[in-house]
Chemist: 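First the structure, which I've put down as C-alpha cells, then a few questions once you've had a look.
In what follows, chains carry the letters A, B, and so on, assigned in the order in which the sequence lines appear, proteins first and then strands, with residues in each chain numbered from 1.
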Amino acid sequence: MQLYNSYTRQKETFEPITPGYVGLYVCGPTVNGESHLGHARPYITFDVVHRWLRHLGYRVRYVRNITDAGHFEENDRTDNDRIGEKAKLEKLEPMELVHKYTGIFHRLMAAFNNLEPSIEPTATGHITEQIAMIEKIIAEGYAYEVNGSVYFDVKKYAAHHPYGTLSGRILDDLLETTRELEGQDEKREKVDFALWKAAPPQHIQRWPSPWGEGFPGWHIECSAMSAKYLGDRFDIHGGGMDLLFPHHESEIAQSTIAHGCAPVKYWMHNNMITINGRKMGRSYGNIIKLTELFSGNHSLLEQPYHPMVVRFYILQTHYRSTLDFSNEALQGSERALKRLWEAYEALKGLTPGPSPKERGEMDEEIERRCAEMTEFMNDDFNTAKVIANLFELAPIINGLKGGQLPEGAVSGKTLTLLQETFRIFLEDILGLQAIHAGDDNEALSKVLAVLIDIRKEAKLRKDWATSDAIRDKLLGAGIQLKDGKDGTVTYTIEKA
RNA sequence: GGUCACCUGGCCGAGUGGUUAGGCUCAGCUCUGCAAAAGCUGCUACAGCGGUUCGAAUCCGCUGGUGACCUCCA
C-alpha cells in the first residue's frame with residue numbers, strides 16, 4: 001500500500017513498524033463547542049483509513065484524543081470568570097461544557113457511522129504524563145521555566161535537529177516574521193512554544209505541577225498520549241492540514257527530545273473544506289455546524305442534508321484536495337448516493353441466471369473494476385476512484401434487474417463477486433448506510449402491498465385517476481413507487 | 001512581507017506524458033396509459049503565454065487569479 005507522507009511530501013510504501021500492527025493517532029476535537037462541517041472531514045477520512053487498514057488484515061490501535069483542557073468559554077461565561085464575583089452555579093464549570101460537547105461529538109460520529117477509536121484519551125486525564133514529559137525535556141536542556149510557565153527552546157532544538165521539515169518552515173524566517181503577541185515577553189524567542197502555562201488566579205482549570213499551579217500547553221497532550229498508548233515511535237499520525245504548523249511541528253520537536261526519536265513514521269493531513277472558496281472557520285464567520293447541516297437550519301442551507309450524504313460528499317473527493325461546499329454539490333451527492341444505494345439493494349436481490357454462461361466481456365469488465373477498487377484504496381486511499389468504479393458497475397446491475405441486459409449476461413460466479421465487492425466497499429470500507437428507511441416495518445409493508453394491489457386493479461380497469469392518485473399521494477408522503485418491467489412494483493421510503 | 005499549494009466542461013470533482021474518469025444538471029431516445037425509476041445516446045474541458053517532447057491537462061519557465069499557513073483552527 002502507498003500513502004502520501006506529508007513529512008517527505010511523497011507517496012511511500014506503507015510498512016508498519018511492528019509487522020501486522022498499526023498505531024494510528026488522529027488529533028481529536030476540542031470539546032468547547034459544537035463541531036462544524038470542516039471537522040467532519042478528518043474524522044471521516046481517518047475512519048476510512050482505519051477501516052482499510054483493518055480490511056488489509058492489520059490489527060489497528062486507533063487513538064483519537066479529546067482536548068478538554070485549555071481555554072473554555074460559552075456565551076458570556078469563560079474560564080476566566082472571577083471566583084469572587086459570581087455564585088458557584090453561575091460560573092462556568094469546564095467539565096460541564098466538556099461533558100455536553102463530548103456527548104454531541106459522539107452522537108455526530110455515530111451519525112456518520114464512524115467506527116469508534118480504540119482509545120479516546122482526554123487531556124485532563126493525562127496531566128501527570130504531560131508533566132513527566134515536560135520534566136524530561138527540561139532535564140535534557142531544551143526547555144526553560146519562567147514565572148511558573150515552561151517553554152520549549154526552539155532555537156536550541158533547531159541547532160541540533162532538523163526543524164521545520166514537516167511544515168516547510170525555515171527558522172530564520174520564523175524569527176523575522178512571527179507576529180508580536182501579548183504575553184510573549186517571557187519567551188526567549190518568539191518561536192518558542194509553551195509546554196506548561198502558569199494559571200492566573202481567575203483561571204478555573206488548574207493543576208499542581210513542579211512549577212506551580214497551571215495547565216498544559218496546547219501541543220504536549222498529543223505527544224504524551226500518543227507515546228503512552230502507541231509507543232515513542234508509531235506508524236501514522238493524522239489531522240487537518242492547518243495543524244501542520246505549529247501543532248505537529250511542535251509535537252515532533254518535543255517528542256524527539258523527550259523520547260530520543262522522531263515520533264511518527266507517516267504523517268497524513270487532510271485538506272480543508274471551503275465555502276465559497278474560503279476555509280470554514282470562526283474568524284471568517286462562515287461556519288455551518290453539523291447539527292445545522294443535518295437539520296437544514298442555517299441561512300446558507302437550502303435543505304437539510306443526511307449525515308450519509310455528507311459522508312458520501314466528502315469521500316467523493318480525494319482527502320488531500322480542498323472540497324468546496326455548496327448546496328448544489330450536496331444535492332448532487334444526495335441524488336448520486338440514492339442511485340448508487342438503490343443499485344446496491346437491487347444487486348442484493350439478484351440471483352444467477354438460469355444457464356451459467358461462459359465468461360463473457362461483461363464478466364471481465366466486472367472482475368477488472370472490482371479488482372481496481374483495491375488498487376485505488378492502496379494508492380493513498382483514493383475513495384473518489386472507488387466510487388467512480390461503483391458507478392461504472394451500477395448500470396450493469398440495473399440492467400440485469402430491469403431486463404435491459406439478458407439474464408445470463410453475467411455468470412453466477414461474477415455476480416457473487418459483484419455482490420461481495422459492493423458490500424465490502426460500500427459498507428465496510430466507505431462506511432455508507434441506507435439513507436431511506438428500511439423495509440423492516442411489517443405493518444407498513446402490508447399496507448403498501450394493499451395499496452399497490454388496488455392500484456394494479458385500477459390500472460387493469462384503465463382507471464388512471466385512481467392509479468395515479470395512489471402513486472402521487474404516496475410520493476407526497478415520501479414513498480416512491482417504482483414500476484418494474486414485468487409488472488412488479490418496488491418502493492423506497494424517505495426517512496422522516 | 002515570508003513559505004507552500006491550487007486554477008479541469010453549466011456545477012462538483014478524478015487524473016502526473018499518448019486512453020471516454022465518475023457524479024449532478026441539461027437534451028434526445030427506449031420502456032410506460034402518462035409518469036417516475038431504469039437503460040441507451042449526446043454535450044469532449046484542462047487559467048493565459050512561451051518552452052521541452054514524435055506527443056502535455058500532466059514536465060519546465062513566465063504572467064494572471066485564488067487559497068492556506070506564519071495567531072486558536074479540521
Chemist: Please check if atom CD in A/E457 has more than 12 non-hydrogen atoms from other residues, nucleotides or ligands closer than 6.0 Å.
Modeler: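 Atom CD in A/E457 is packed in, count exceeds 12.
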Chemist: Under 4.0 Å between any heavy atoms, over every strand shown, what does A/Q480 touch: base, sugar-phosphate, or nothing? Just pick one.
Modeler: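 A/Q480: backbone/sugar contact only, no base atoms under 4.0 Å.
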Chemist: Would you indicate what A/E392 reaches in the nucleic acid, counting non-hydrogen atoms under 4.0 angstrom: base, sugar-phosphate, or nothing?
Modeler: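 Sugar-phosphate: the residue A/E392, judged by heavy atoms under 4.0 Å, touches backbone atoms but no base.
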Chemist: From the list B/G23, B/A68, B/G33, which nucleotide is the closest neighbour of the side chain of A/K459?
Modeler: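 For the A/K459 side chain, the nearest candidate turns out to be B/G33.
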Chemist: Would you classify A/L323 as touching base, sugar-phosphate or nothing, given that sugar-phosphate means primed atoms plus P, OP1 and OP2, and contacts are heavy atoms under 4.0 Å?
Modeler: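 Sugar-phosphate: the residue A/L323, judged by heavy atoms under 4.0 Å, touches backbone atoms but no base.
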Chemist: Over how many whole Å does the gap from A/L474 atom CG to B/A35 atom C1' extend?
Modeler: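 Roughly 15 Å, once rounded to whole Å.
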Chemist: Answer yes or no for this row: A/F391 ring on B/G23 base, centroids under 5.5 Å, planes under 30°.
Modeler: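 Ring-base stacking flag not set for A/F391 and B/G23.
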Chemist: For A/K401, which contact category applies under a 4.0 Å heavy-atom criterion: base, sugar-phosphate, or nothing?
Modeler: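 It contacts nothing in the nucleic acid.
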Chemist: Ring centres of A/Y157 and A/F152 under 6.0 Å apart?
Modeler: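 Here the rings of A/F152 and A/Y157 have centres that are less than 6.0 Å from each other.
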Chemist: Picking from B/A14, B/C70, B/C12, which would you name as closest to the side chain of A/A329?
Modeler: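 Given the options B/A14, B/C70, B/C12, the side chain of A/A329 is closest to B/C12.
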Chemist: Would you tell me whether A/Y305 and A/E334 have side-chain atoms, one donor and one acceptor, within less than 3.5 Å of each other?
Modeler: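 Side-chain D/A pair, A/Y305 to A/E334: absent.
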Chemist: Assign A/G240 to base, sugar-phosphate, or nothing according to its heavy-atom contacts below 4.0 angstrom with the strands shown.
Modeler: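 Here A/G240 touches the backbone only, sparing every base.
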Chemist: Indicate whether any N or O donor in one side chain lies under 3.5 Å from an N or O acceptor in the other, for A/N65 and A/T67.
Modeler: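 Yes.
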Chemist: What is the nucleic acid contact for A/H247, judged by heavy atoms within less than 4.0 Å: base, sugar-phosphate only, or nothing?
Modeler: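 A/H247: no heavy atom of the nucleic acid under 4.0 Å.
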Chemist: Between B/U41 and B/G22, how far apart are the P atoms? Round to whole Å, please.
Modeler: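 Nearest-Å result for B/G22 against B/U41 at atom P: 11 Å.
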Chemist: Under 4.0 Å between a side-chain nitrogen and a carboxylate oxygen: does that hold for A/E364 and A/R368?
Modeler: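 So A/E364 does not pair with A/R368 through a salt bridge.
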Chemist: Please work out if A/N389 contacts a base, only the sugar-phosphate, or nothing of the nucleic acid, heavy-atom cut-off 4.0 Å.
Modeler: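 If one applies the 4.0 Å heavy-atom cut-off, A/N389 turns out to touch nothing in the nucleic acid.
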Chemist: Counting any heavy atom closer than 4.0 Å, what does A/S333 reach on the DNA or RNA strands: base, sugar-phosphate only, or nothing?
Modeler: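 Nothing: the residue A/S333, judged by heavy atoms under 4.0 Å, touches no strand.
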Chemist: Given that A/G332 and A/H318 both sit by RNA chain B, which one's nearest nucleotide is further toward the 5' end?
Modeler: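 Its nearest nucleotide lies further toward 5', so the answer is A/H318.
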Chemist: How close or far is atom P of B/U16 from atom CZ of A/R320, stated in whole angstroms?
Modeler: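 From A/R320 CZ to B/U16 P: 10 Å.
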Chemist: In whole Å, what is the span from the OH atom of A/Y344 to the P atom of B/G23?
Modeler: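 Going from OH in A/Y344 over to P in B/G23 covers 20 Å.
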Chemist: Check every strand shown and say whether A/D324 touches a base, only sugar-phosphate, or nothing at a heavy-atom separation below 4.0 Å.
Modeler: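 Sugar-phosphate: the residue A/D324, judged by heavy atoms under 4.0 Å, touches backbone atoms but no base.
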Chemist: Tell me whether the OP1 or OP2 atom of B/C6 has a side-chain N or O from A/N271 closer than 4.0 Å.
Modeler: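 No, because none of the side-chain N or O atoms of A/N271 sits under 4.0 Å from OP1 or OP2 of B/C6.
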Chemist: For the rings on A/F381 and A/F46, is their centre-to-centre separation under 6.0 Å?
Modeler: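 Between A/F46 and A/F381, which both carry aromatic rings, the centre distance is not below 6.0 Å.
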Chemist: Using the P atom on both, measure B/C34 against B/C29 and round to a whole Å.
Modeler: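 Nearest-Å result for B/C34 against B/C29 at atom P: 13 Å.
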Chemist: For A/H269 and B/A5, give me the distance from atom NE2 to atom P, rounded to whole Å.
Modeler: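 So the NE2-P distance, A/H269 to B/A5, works out to 15 Å.
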Chemist: Look at A/R339 and B/C24 and indicate whether a side-chain polar atom (N or O) is within less than 4.0 Å of OP1 or OP2.
Modeler: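 Checking B/C24 against A/R339, a side-chain N or O does come within under 4.0 Å of OP1 or OP2.
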Chemist: Between A/N270 and B/A74, is there a contact of a side-chain N or O with OP1 or OP2 at under 4.0 Å?
Modeler: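 No, A/N270 has no side-chain N/O under 4.0 Å of OP1/OP2 on B/A74.
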Chemist: Using the P atoms only, state how far B/C43 lies from B/G10, rounded to an integer number of Å.
Modeler: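 14 Å, rounded to whole Å.
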Chemist: Just checking, A/R169 and A/F245: is the charged tip under 6.0 Å from the six-membered ring centre and within 45° of the axis?
Modeler: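 Pair A/R169/A/F245 counts as cation-pi.
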Chemist: Can you tell me how far C1' of B/C40 sits from CG of A/L400, to the nearest Å?
Modeler: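 Value for this atom pair: 15 Å.
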Chemist: If B/A5 has a Watson-Crick or G-U wobble mate with both distances under 3.5 Å, name it; if not, just say none.
Modeler: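 Base partner found: B/U66.
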Chemist: Looking across every strand, which nucleic acid part, if any, lies under 4.0 Å from A/K279 by heavy atom: base, sugar-phosphate, or nothing?
Modeler: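 Base, at least one base atom sits under 4.0 Å.
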Chemist: Roughly, in whole Å, what's the span from CG in A/L315 to P in B/C24?
Modeler: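 These atoms are roughly 17 Å apart.
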Chemist: Within the structure shown, what part of the strands sits under 4.0 Å from A/G281 by heavy-atom distance: base, sugar-phosphate, or nothing?
Modeler: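 Counting heavy atoms under 4.0 Å across all strands, no contact is made by A/G281.
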Chemist: Quick one: is B/G67 close enough that its OP1 or OP2 comes under 4.0 Å of any side-chain N or O from A/T322?
Modeler: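 No, outside the criterion.
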Chemist: In whole angstrom, give the distance that lies between atom CD of A/Q404 and atom P of B/G39.
Modeler: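 A/Q404 atom CD is separated from B/G39 atom P by 7 Å.
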Chemist: How many whole angstroms separate atom CG of A/L337 from atom P of B/A37?
Modeler: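 The distance from CG of A/L337 to P of B/A37 comes to 16 Å, rounded to the nearest Å.
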Chemist: Have a look at A/D242 and say if it touches a base, only the backbone sugar-phosphate, or nothing, with a 4.0 Å heavy-atom cut-off.
Modeler: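 Base, at least one base atom sits under 4.0 Å.
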Chemist: For the side chain of A/N398 and the base of B/A37, is some donor closer than 3.5 Å to an acceptor across the two?
Modeler: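 Checked by distance alone, the answer is no.
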Chemist: Which value, in whole Å, describes the distance between the C1' atoms of nucleotides B/G1 and B/G15?
Modeler: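 The same atom, C1', in both gives a distance of 35 Å.
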Chemist: Is there, by distance only and without an angle test, a donor paired with an acceptor across the side chain of A/R471 and the base of B/C34 below 3.5 Å?
Modeler: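 Under the 3.5 Å cut-off, the side chain and the base do form a donor-acceptor pair.
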Chemist: Counting Watson-Crick and G-U wobble pairs only, both distances under 3.5 Å, name the nucleotide matched with B/U19, or none.
Modeler: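 Base partner found: none.
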Chemist: Which of these nucleotides, B/A74, B/C70, B/A68, is closest to any side-chain atom of A/Y43?
Modeler: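 When the side chain of A/Y43 is considered, B/A74 is the closest of B/A74, B/C70, B/A68.
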Chemist: Do the side chains of A/K338 and A/E494 get close enough for a salt bridge, i.e. N-O under 4.0 angstrom?
Modeler: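 So A/K338 pairs with A/E494 through a salt bridge.
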Chemist: Of the candidate nucleotides B/G33, B/A74, B/C24, which contains the atom at the shortest distance from the side chain of A/S467?
Modeler: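 The nucleotide sitting nearest to the side chain is B/G33.
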Chemist: For B/G61, which nucleotide in any strand shown is its Watson-Crick or wobble partner with both distances under 3.5 Å?
Modeler: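 Across any shown strand, B/G61 pairs with B/C49.
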Chemist: Quick check on RNA chain B: between A/R335 and A/L475, whose nearest nucleotide comes earlier from the 5' end?
Modeler: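 Looking at the nearest nucleotide for each, A/R335 comes out on the 5' side.
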Chemist: Contact class for A/Y284 vs. all strands (heavy atom < 4.0 Å): base, sugar-phosphate, or nothing?
Modeler: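 Since only primed, P, OP1 and OP2 atoms lie under 4.0 Å of A/Y284, the category is sugar-phosphate.
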Chemist: For A/M1, is there any backbone N or O sitting under 3.5 Å from a side-chain donor or acceptor partner on A/N378?
Modeler: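 The answer is no, because no donor-acceptor pair under 3.5 Å joins these two groups.
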Chemist: In whole angstrom, give me the gap between the C1' atoms of B/A74 and B/A68.
Modeler: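 Here B/A74 and B/A68 have their C1' atoms 13 Å from each other.
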Chemist: For A/L243, which contact category applies under a 4.0 Å heavy-atom criterion: base, sugar-phosphate, or nothing?
Modeler: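 Sugar-phosphate: the residue A/L243, judged by heavy atoms under 4.0 Å, touches backbone atoms but no base.
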Chemist: By nearest atom, which of the nucleotides B/A14, B/C24, B/A74 is closest to the A/M272 side chain?
Modeler: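 Minimum distance to the A/M272 side chain belongs to B/A74.
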